[in-house]
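Written out below as structure tokens is the structure these notes cover.
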Amino acid sequence: MADNLVVSNMELERLLSMKGGKGEGSYANNSQAQAIHAKSMHHLLKEALDGVQLQKPNIPFVVVDLGCSCGSNTINVVDVIIKHIIKRYETLGLEPPEFSAFFSDLPGNDFNTLFQLLPPLANYGVSMEECLSASNHRAYFAAGVPGSFYRRLFPARFIDVFHSAFSLHWLSQVPESVMDKRSSAYNKGRVFIHGASEITANAYRKQFRSDLAGFLSSRSVELKRGGSMFLVCLGRTSVDPTDQGGAGLLFGTHFQDAWDDLVQEGLISSEKRDSFNIPVYAPSLQDVKEVVESDGSFAINKLEVFKGGSPLVVNQPGDAREVGKALANTCRSVSGVLVEAHIGDKLSEELFLRVERRAASHGKELLEQLQFFHIVASLSFAQ
């Protein structure tokens, strides 16, 4: 890809994806932390599932994971959802229905890698108990749905359960004012809003609120009456939107400094750096609450901040080089596609090598301070 390509907001939806494949910097090999964080929230997910209205046995039960990406985490959570719903049917002495699961993400997502990870479909001619006992098989039909979850993706009143984890903090676009040199919100010298001006952060907040409103509006049409949504995204504990918490430490410190290194070394211009911004906003509880209440379609069953822990999974915490590599791979797995589109493959490699070196010199500090907090929301239709 050409080194001078600038990613426009219109291209973002087409380009944005987690790093595909199964390489060292891929999302599939750098999402262990998300798996750990998701598992620690299973009790909250099951609470939400207990409120779902069960369908008649002749009506398929439909589950969707929005922002599924390309690793095994999405398959694991769909298994948890379906097994819990089956257990509810069996507790009531009812025959479980057939299940369908839709895995949805933007068109650039590596669906091929995801589908290769799917276990084979269990034989529906056998009992549900036999399906569940066959641990290397799945008890549901599966399909992929490419598209932005900020718009409609499914027919009306079609879905029983929507699940989305670690996705809603990704914006549909970088706010236009942040990219406009003539605007007071122009994010000069930075590639993320952590530590930016209040005007810049408010532009991101406005974009997040607009995106979440579009998300809720679409789901309010697609969700069945009696259905449920369980949503998890990166959040922050500070009321100040310029303090992006864990996301700020991930993208606003060593990642930022590595971009500055490229500028100072003459490998890219300062304008090239300034025209790149990570389209992420970690909201506060109040941000989410206000949008849900303004939409009016959904009741909030649960809304809380959940401490997920570190996004870095390392075998030897005392090995600074391993910590540095872990941070670089974590950054690359979620932002590498956008970076490569902006500065090309070779300079992208140079950037992440500098992230790794800088992070390695602060290994102990990173493990102690880099902690993710998540916003957890359980929603159902307002009465």
Note to self: Taking Gly227's backbone N and O only, do any of them form a donor-acceptor pair with Asp160's side chain (distance below 3.5 Å, no angle check)?
What the structure shows: no
Checklist line | Sub-4.5 Å side-chain heavy-atom contact between Cys68 and Ser104 | finding: no
Note to self: Salt bridge or not between Glu340 and Lys346? Use side-chain N to carboxylate O under 4.0 Å.
What the structure shows: no
Check: Do Lys56 and Glu95 sit within salt-bridge range, that is, some charged N less than 4.0 Å from a carboxylate O?
Finding: no
Check: Has the side chain of Asp105 got a donor or acceptor atom that lies under 3.5 Å from a matching backbone atom of Ser69?
Finding: yes
Checklist line | Tyr89 side chain to Gln55 backbone, donor-acceptor under 3.5 Å | finding: yes
Next item on the list: Measure the spacing between CG of Leu118 and OG1 of Thr113 and express it to the nearest 0.5 Å.
Entry: 11.5 Å
Note to self: Around atom CZ of Arg157, are there more than 12 heavy atoms from other residues, nucleotides or ligands closer than 6.0 Å?
What the structure shows: yes
Item checked: Aromatic ring pairing Phe306/His43, orientation class (parallel under 30°, perpendicular over 60°, tilted between) -> tilted
Item checked: Between Asp295 and Ser297: side-chain donor-acceptor atoms closer than 3.5 Å -> yes
Item checked: Contact check, side chains of Phe255 and Leu327, non-hydrogen atoms, under 4.5 Å -> no
Note to self: Any side-chain to backbone donor/acceptor pair from Ser228 onto Val161? Under 3.5 Å, distance only.
What the structure shows: no
Item checked: Sidechain-backbone polar pair: Thr330 side chain, Ala326 backbone, donor-acceptor under 3.5 Å -> yes
Check: Honestly curious: do Tyr186 and Val191 fall in one hydrophobic cluster under the side-chain, below-4.5 Å linking rule?
Finding: no
Next item on the list: Spell out, as yes or no, whether a donor-acceptor pair under 3.5 Å connects the side chain of His254 to the backbone of Leu250.
Entry: no
Next item on the list: Would you check if there is a donor-acceptor pair between the side chains of His342 and Ser275 at a distance under 3.5 Å?
Entry: yes
Next item on the list: Please examine the side chains of Ile193 and Gln244, heavy atoms only from C-beta on, and report whether any two atoms are closer than 4.5 Å.
Entry: yes
Item checked: Salt bridge present between Arg236 and Asp287 (N-O < 4.0 angstrom) -> yes
Check: Charged N to carboxylate O below 4.0 Å: is that the case for Lys302 and Glu304?
Finding: yes
Checklist line | NZ or CZ of Arg225 within 45° of Phe381 ring axis and under 6.0 Å | finding: yes
Check: Taking atom CG of Leu285 and atom CG of Leu303, what is their separation to the nearest 0.5 Å?
Finding: 5.0 Å
Margin query: Could you tell me if the side chain of Leu338 sits less than 4.5 Å from the side chain of Pro279, heavy atoms only?
Written below: yes
Next item on the list: Look only at the side chain of Arg152 and the backbone of Val221, and say whether a donor-acceptor pair between them is shorter than 3.5 Å.
Entry: no
Item checked: Check against side-chain contact (heavy atoms from CB on, under 4.5 Å), Met229 and Phe298 -> CA-CA 10 Å; Met229 288 202 295; Phe298 295 99; 3.7 Å; yes
Note to self: Please tell me whether Ile300 and Leu231 are part of a single hydrophobic cluster in this structure, the criterion being side-chain heavy atoms less than 4.5 Å apart.
What the structure shows: yes
Notebook entry, point to check: Without hydrogens or angle criteria, can the side chains of Asp260 and Gln256 be said to hold a donor-acceptor pair below 3.5 Å?
Noted result: yes
Next item on the list: Test side-chain hydrogen bond (donor to acceptor under 3.5 Å, both in side chains) on Thr200 and Ser197 and set out the steps.
Entry: CA-CA 5 Å; Thr200 303; Ser197 72; 2.8 Å; yes
Item checked: Which atom of Tyr150 lies closest to which atom of Asp211, heavy atoms considered -> CD2-O, 3.1 Å
Check: What is the distance from atom CD1 of Ile343 to atom CZ of Phe276, rounded to the nearest 0.5 Å?
Finding: 8.0 Å
Item checked: Side chains of Phe158 and Glu222 in contact at under 4.5 Å (non-hydrogen atoms) -> no
Next item on the list: Taking the side chain as every heavy atom from C-beta outward, state whether Asp261 and Arg358 have any pair of such atoms under 4.5 Å apart.
Entry: yes
Item checked: Test log, rule ring-ring contact (aromatic ring centres under 6.0 Å, His included), inputs His374 and Phe166 -> CA-CA 8 Å; His374 305 295; Phe166 318 123; 5.1 Å; yes
Item checked: Trp259 and Lys272: CA distance, side-chain angles, deciding distance, side-chain contact (heavy atoms from CB on, under 4.5 Å) verdict -> CA-CA 10 Å; Trp259 281 90; Lys272 190 71 174 175; 5.5 Å; no
Check: Which is it for Arg332 and Glu349 under the salt bridge (charged side-chain N to carboxylate O under 4.0 Å, His left out) test, yes or no, and what are the steps along the way?
Finding: CA-CA 9 Å; Arg332 188 197 296 262; Glu349 190 67 32; 3.4 Å; yes
Next item on the list: Check the pair Val334, Trp170 against side-chain contact (heavy atoms from CB on, under 4.5 Å), reporting the backbone distance first and the verdict last.
Entry: CA-CA 10 Å; Val334 298; Trp170 286 96; 4.0 Å; yes
Next item on the list: Please confirm whether the backbone N or O of Ser269 pairs with a side-chain atom of Arg273, one donor and one acceptor, at under 3.5 Å?
Entry: no
Notebook entry, point to check: Roughly how far, to the nearest 0.5 Å, is the CG atom of Asp65 from the CZ atom of Phe162?
Noted result: 11.0 Å
Item checked: Residue among Phe61, Phe141, Tyr140 satisfying ring-ring contact (aromatic ring centres under 6.0 Å, His included) with Phe99 -> Phe61
Item checked: Arg219 NZ/CZ over Phe215 ring centroid, <6.0 Å and within 45° of normal -> yes
Check: CD of Glu290: more than 12 outside heavy atoms within 6.0 angstrom?
Finding: yes
Margin query: Between Arg209 and Val291 (side chain of the first, backbone of the second, donor and acceptor by atom type, cut-off under 3.5 Å), is there such a pair?
Written below: no
Check: Would you say Val63 and Phe103 make side-chain contact, with heavy atoms under 4.5 Å?
Finding: no
Margin query: Quick one about Gln207 and Ser172 (side-chain donor to acceptor, distance below 3.5 Å, no hydrogens or angles considered), yes or no?
Written below: yes
Next item on the list: State the CD1-NZ distance between Ile81 and Lys46, to the nearest 0.5 angstrom.
Entry: 11.0 Å
Next item on the list: For the pair Ser148 and Leu106, evaluate side-chain contact (heavy atoms from CB on, under 4.5 Å) and give the outcome as yes or no after the intermediate values.
Entry: CA-CA 6 Å; Ser148 170; Leu106 292 174; 3.9 Å; yes
Notebook entry, point to check: Got a salt bridge between Arg321 and Asp319, using NZ or NE/NH1/NH2 to carboxylate O under 4.0 Å?
Noted result: no
Notebook entry, point to check: Applying the 4.5 Å side-chain criterion to the ILVMFWY set and letting contacts propagate, would Ile59 and Val52 be lumped into a single cluster?
Noted result: no
Check: With side chains defined as the heavy atoms from C-beta onward, is the minimum distance between Asn187 and Phe192 less than 4.5 Å?
Finding: no
Check: Does Ser218 use its side chain to pair, donor to acceptor, with the backbone of Gly214 at less than 3.5 Å?
Finding: yes
Item checked: Separation of Arg205 CZ from Tyr281 OH (nearest 0.5 Å) -> 4.5 Å
